[in-house]
Amino acid sequence: KTMGNIFCVMQALEELVRKNALYYDIMCFEWRWTVDKVELANQVSADVVETIKDKIKGLSTDIQRLLSVMAFIPQSVGVPVLKELLMNDEDNSLDENKIASLLKEASEDGMLMWSTESRNYVFSHDRIREASREYVVEEDRDKMLRHMADVLQRLGKGSKMEWCLYTAVDLLNSLPSDKVNVTDLIKLNLRVSKIAKRRGSPRKENLLLRECLERLQPFKWKDYNLSLEVYNAVIVSEYTLGNQDRATIAIEEVLGHAKCLRDKVSAFLHRVKSLCETKDYAMAAHEGVKILNMFSYNIPLKPTKLDLVREKMKLRLAFKGRSYASLTNLPVVDDPLTELFSEVGRDCLFSGQPRLVVVIAWTAVRRAIEKGIDRCFPLCLVMLGTLLGKKGNVRAANEIGNVALMISENFRKNTGYSYTQFATYAGIILYLQPFRSGVDVLQQCYKDLKFSGKFEFSLGSMLNYFYAYFAAGLNLGSILESKLLVLDEFSQSIDKSGFAATFQIHRQFVINLRQRSEQPTLMNGPAFQQEKALSEMNDQASKMALRDASIFRLELAFIFNDSECMAEMLETLSGYPFEDQVISRFYIRACFMGLAAFSLAEKNCHAIGNKCLKYFRRMKKLGSTNAPPAYFFIAALKKPTKKAFTTAIDSCREASMPHLEAMARERYAMFLLTRNELELANSHITSAYWLYYDWGAHGKSFSLEREYPFVKAAKRTKAGSHVSSGTATKHTSVNGSVIESGKVVKRKGTFEYNSTLSRRELVKA
């Protein structure tokens, strides 16, 4: 009956001893039974819970009450909380000392044990908790649970005691509606769901809101305000978790029963967002404009130049000669319609309707000047700035982006702050600022947005994080792969397959660079299999995934010098518009399209290269810190000279882009080999080898070892030692001295183990 389970064996022995069927013979030092084996078997229940319940019957009434109360509390609790829970109108005699004594006694009986981790008594086994729950009769249990819930609600003040509210709502939700005050229970569920959302538990939030909805059904919309609050919360929760069908039902419920347009704003907003899930941004934008026009706006679906002139005049009249910076002085208000403006504008931006973006943004600005700024207003400015950046007006975009960041400081405790930071850095700030500067910001935005339940935006933040990470040439370590794997799984868990595919492409790119491969330019590995993945997507998703995969395949083709793949990827990417709202993604694409175009012999590719070169020349003049390395490197491949290559190498090193520096040195070495300058070429190959290695592209390092066997025995050279043939060459000797132009300069230092290189390295004192 015990099936060899040690806990069940112990309970069975105790049960037999209690029934005097078994005793310990102290004379013979062994267990003996007083009945035959058949009767002995009948003395033990097959259900260990029933056995424990029989044991509880033999305990004192106070211990029975104590165990019953503890059984309904999911975590360990201290004596003060137990005192409050055990106190009732009939008996107030259990003080803290008495409860501590009861806990110790229950522990001696084997029911409880002391937990060193929580510093409280806990059940010795889950079966004991189960038996303690079942021991209470149903009539007493309902009354006890209501009493416990009331006490826990009173105790649930402050962040450290919020667990009391979680427990209270779970206790009341376990009771039928005729045993509780349904209205109060719905309000409690709403309250705790907000706490769960704030704590980053969207699924718990969703379960509580579904409980609200179920309890509300018999009298929904009789209490208008409560019903509206519940349905609006359900819309947001179901949409966030990707449950589109449930969200749609709630949306239609609100639109069918809400009394005014203002009460319908959330439903309207998520109707537009739901259309975006199909990636039909044009349809979403069309629907959004129609909704905005319900609020007495007259936004044309297809604005003409004349419409833009009219809107510009209205904006000038509203500004009264002031600049965008004056918006930072506007009062803060709660205006739910502003979020709808930002969502519709985003859809217009993604669907390629620039005039409509401008009209919507300017209308939102005029509304803000009239009514004040809402938490979502900075997003309207970011939308306008992103469009200006795409159209080449980077300085104006940067000005508007900085204003958006300043305004968002009013909402630091709101999720709008994190989203504004993410959208501004991803679509505006990184035009001029180093990609490295945006990496930490975007990662923090991901954490904040995910914690607040904005999963789609949090994934968008990490997508931009990885593109900025790759564009900056940061280390491709194993931690990066782990991050990508976690995000892939998270994306799939909330049904965001588009994000999942992108993260899979990123991870395969990293794998191809880090590991040896016979075909490193193919996206066909453990993380992403291009042909299979694209065949399972719809047309729009397949088109976007093909673009992303082609960008990284082009970079791999350039790194591994695969001319055939470069030509194929250039042809593929040429079919996409030469613009992108993700700055770092467009940087990678334009950079390697330019590099690949001038690496190929075909002259028809040079037009693409010149287009990329022109773009980076303009960005360099505007003050972009990211543009010079790409510009000078592409220029060096277009017209290869020693001066052009050394300028490119210097620029890459100054911008701290080791991946581009490694590629520039390798290409310079190939150029030098054509001029028979073997010694200088070999030194640059060696430098490139170590730069690739430090970047994390070990697969490329192995490739160089096969192509240039001498690098296996080469020692690491100091950075910047081979900028030109005329520059003094420096080599670090084993004893820590530096050889400069034939002179030995002694330097003090110590040796430290470098895990990346698996060897000891000299560290300057």
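- In this structure, F633 and F558 have perpendicular ring planes: the angle between them is above 60°, well past the 30° mark.
- Between E252 and R271 there is a salt bridge, since at least one side-chain N of the basic residue sits less than 4.0 Å from a carboxylate O of the acidic one.
- Ring pair F509/F552 is tilted by interplanar angle, where 30° to 60° counts as tilted.
- Within 6.0 Å of atom CD in E536, more than 12 heavy atoms from other residues, nucleotides or ligands are found, so the atom counts as buried in its surroundings.
- In this pair, F616 and Y587 present their aromatic rings perpendicular. The plane angle is above 60°, beyond the 30 to 60° band.
- When all heavy atoms are compared, the tightest approach of Y446 to S458 is CD1-O, 3.2 Å.
- Relative orientation of the F499 and F503 rings is parallel, given thresholds of 30° and 60° on the angle between their planes.
- The heavy-atom pair separating E666 from I559 by the smallest distance is OE1-O, 4.1 Å.
- Minimum heavy-atom separation, F455 to P202: CZ-CG, 3.0 Å.
- Scanning both residues, R514 and H698, for their nearest heavy atoms gives O-CB, 3.4 Å.
- Nearest heavy atoms, A282 versus S351: N-CB, 3.5 Å.
- Between D580 and K390 there is no salt bridge, since no side-chain nitrogen of the basic residue lies less than 4.0 Å from a carboxylate oxygen of the acidic one.
- A salt bridge is absent between E456 and K273; no separation between the charged side-chain nitrogens and carboxylate oxygens falls under 4.0 Å.
- Taking all atoms of both residues into account, the shortest heavy-atom contact from C612 to G594 is SG-N, 3.6 Å.
- Tested against F457, the residues Y419, F451, F422 include a single ring pair (Phe, Tyr, Trp, His ring centres under 6.0 Å) partner, Y419.
- The pair E661-R665 counts as a salt bridge, with a side-chain nitrogen and a carboxylate oxygen less than 4.0 angstrom apart.
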